[in-house]
Amino acid sequence: MSNDRADISGPVRVRFAPSPTGFLHVGGVRTAMFSWLTARHYGGQFILRIEDTDQKRYVEGAEEDLKASLRWAGIEWDEGPDVGGPHAPYRQSERLPLYNQYAHQLVEMGCAYKSWSSAEELDVERKAAAANHQPPPLRDRWRIATPEQIAAAEAEGKPYTIRLKMPEEGSTSFYDFVKNETITFENSRVDDTVLLKSDGYPTYHLAVVIDDNAMGITHVMRAEEWIASTPKHIRLYECLGWPLPMFAHVPNILRPDGRGKLSKRDGDVKTNEFWEKGYLPEAMFNFLVLQGWSYDEKTELMSQAEIVERFSLTRIQPSPARWDINKLNWMNGHYINHILTVDDLTRRALPFMHKAGLLTEVEALPGDDEYLYFQAIIALLKDRIKVLSEVPDLTGYFFVDHLKYDRALLLGKDKNAISVAQAS
RNA sequence: GGCGCAUUCGUCUAGAGGCCCAGGACGCAUCCCUUUCAAGGAUGAGAUCGGGGGUUCGAAUCCCCCAUGCGCUACCA
């Protein structure tokens, strides 16, 4: 039986397109990782695009946090808001005229229509439907407005939205690389989603299609909650006569109790908290890639370079994983104790000592006596460090009252000065 | 309510018709090492592969139904 999963061939351009509405959580990092890995493994480009089309939810500083989180995790981009590129700008709020132009073009083509329905009245309709256990209306009444009604509304000059006009007939299908199957939707079940809001900003649906096309995105990778809106996007590609990209919907990471996808309200999910606590980016990368992807039946510990080489889009699991940091803690300790060199570990632990006031930056420069003292302590205690933030507590008693032992005495009982020197 | 996706040890996973009365890892337990705590080593418990029907000589793997979970159903992404 032919059950071979299609794999990628040809050029590859993948993007990660977060919206700056808060800190980046680990689930977002993982989606970015899969996209980045796809670009790197298949020899393509990775693009970062900021989808800041919701003025109400915009959070100051979120873009910086998100870029810092990505970079910490070892994910860099070839094109993006700060590094530039041939398709700049990479921030959607700076591309507004483009969306506006296409939205109106779609209206002229008969693929979309203007609506003067207010958000309030639509809300009333939806609530009434819900109260009757009926599905909310898929179409807006302006879809079937007469030319006279439209002319009258235009003359009034009131704000309007532009909505997609989904066909009533037929169905839309697409192959999904991760699900490894063709997913089909009846067009009559897909709603006439808003493309352009009354404030002139595009919705995700319009902006994502226009930008993915403009930026030459070949593989649309995103979280799986977008599966249901993919037929809308495909409709847009068809109306505009643009070539369809391939789709790959990555499963979500669920909350620890399995109830719902990870959200920013959950604890232990902020990426920046992980580096503040002293998790290593290598361990985080390794752990995160294993949440939904595997190389084979045994290999788990892999460097980023090995993962890039071994990655395959078709080995991403279609089912969601629960967020559980148990194994991350083990892996972090393993990297600290067995993969990092003592010197590397020492350097990384130093900032935590500075923060705790146990060593100042000037008195513990690499190579200094104070540094070597600390390094000897690290060599002695590294096998019990799980996260770097524990280091001050673990080593504090070596610094009480500026007490300083002779470095030569800081030896494990089964060790001698030579073995310690060699280990560092 | 409608539509879509998912379902293998507590958790992450291997598995693409016979290699599987299901393998690995984390966690857990016991033992070894050890003055202690870790780390390390060894052993073990732990999944009738969500349930039920098919197809087949043979199914965790293919098909159907059901259940459950998740997602979407916003002028949020």
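All chains are named by letter (A, B, ...) in the order of the sequence lines, taking the proteins before the strands, and each is independently numbered beginning at 1.
When the ring pair (Phe, Tyr, Trp, His ring centres under 6.0 Å) test is applied to Y99(A), no partner is found at least two apart in sequence or on another chain. For T395(A), there are no side chain to side chain donor-acceptor pair (under 3.5 Å) partners, not counting sequence neighbours. For Q317(A), the side chain to side chain contact (heavy atoms under 4.5 Å, CB included) partners at least two apart in sequence or on another chain are S319(A). Applying the side chain to side chain donor-acceptor pair (under 3.5 Å) test to N286(A) and every residue at least two apart in sequence or in another chain returns Y335(A). A search for side chain to side chain donor-acceptor pair (under 3.5 Å) contacts involving R384(A) returns nothing, not counting sequence neighbours. For A248(A), the side chain to side chain contact (heavy atoms under 4.5 Å, CB included) criterion is met by F177(A), V178(A), M221(A), L313(A), not counting sequence neighbours. R255(A) is linked by a salt bridge (Lys or Arg N to Asp or Glu O under 4.0 Å) to D257(A), D266(A), counting only residues two or more places apart in sequence or in another chain. Every residue two or more places apart in sequence or in another chain that forms a ring pair (Phe, Tyr, Trp, His ring centres under 6.0 Å) with Y204(A) is listed here: W226(A), H233(A).
Legend: side chain to side chain donor-acceptor pair (under 3.5 Å) pairs involving residues 16-33 of chain A, not counting sequence neighbours, sorted by first then second residue: T21(A)-K264(A).
Taking the nucleotide of RNA chain B with the nearest heavy atom to each of W293(A) and Q134(A), the more 5' of the two is matched to Q134(A).
When Watson-Crick and G-U wobble pairs are counted only if both distances are under 3.5 Å, G4(B) pairs with C70(B).
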Mind listing the N/O atom pairs, protein and nucleotides 49-51 of chain B, below 3.5 Å?
none

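D52(A) and R91(A) are not joined by a salt bridge, as no carboxylate oxygen comes within less than 4.0 angstrom of a charged side-chain nitrogen.
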### B/S/- contact track for nucleotides 69-77 of chain B, protein heavy atom under 4.0 Å
-SSSSSBBB
### Task
Could you run through nucleotides 22-33 of chain B and give me one letter per nucleotide, 5' to 3': B if any protein heavy atom sits under 4.0 Å from the base, S if only the sugar-phosphate is that close, - if neither?
-BBBSS------
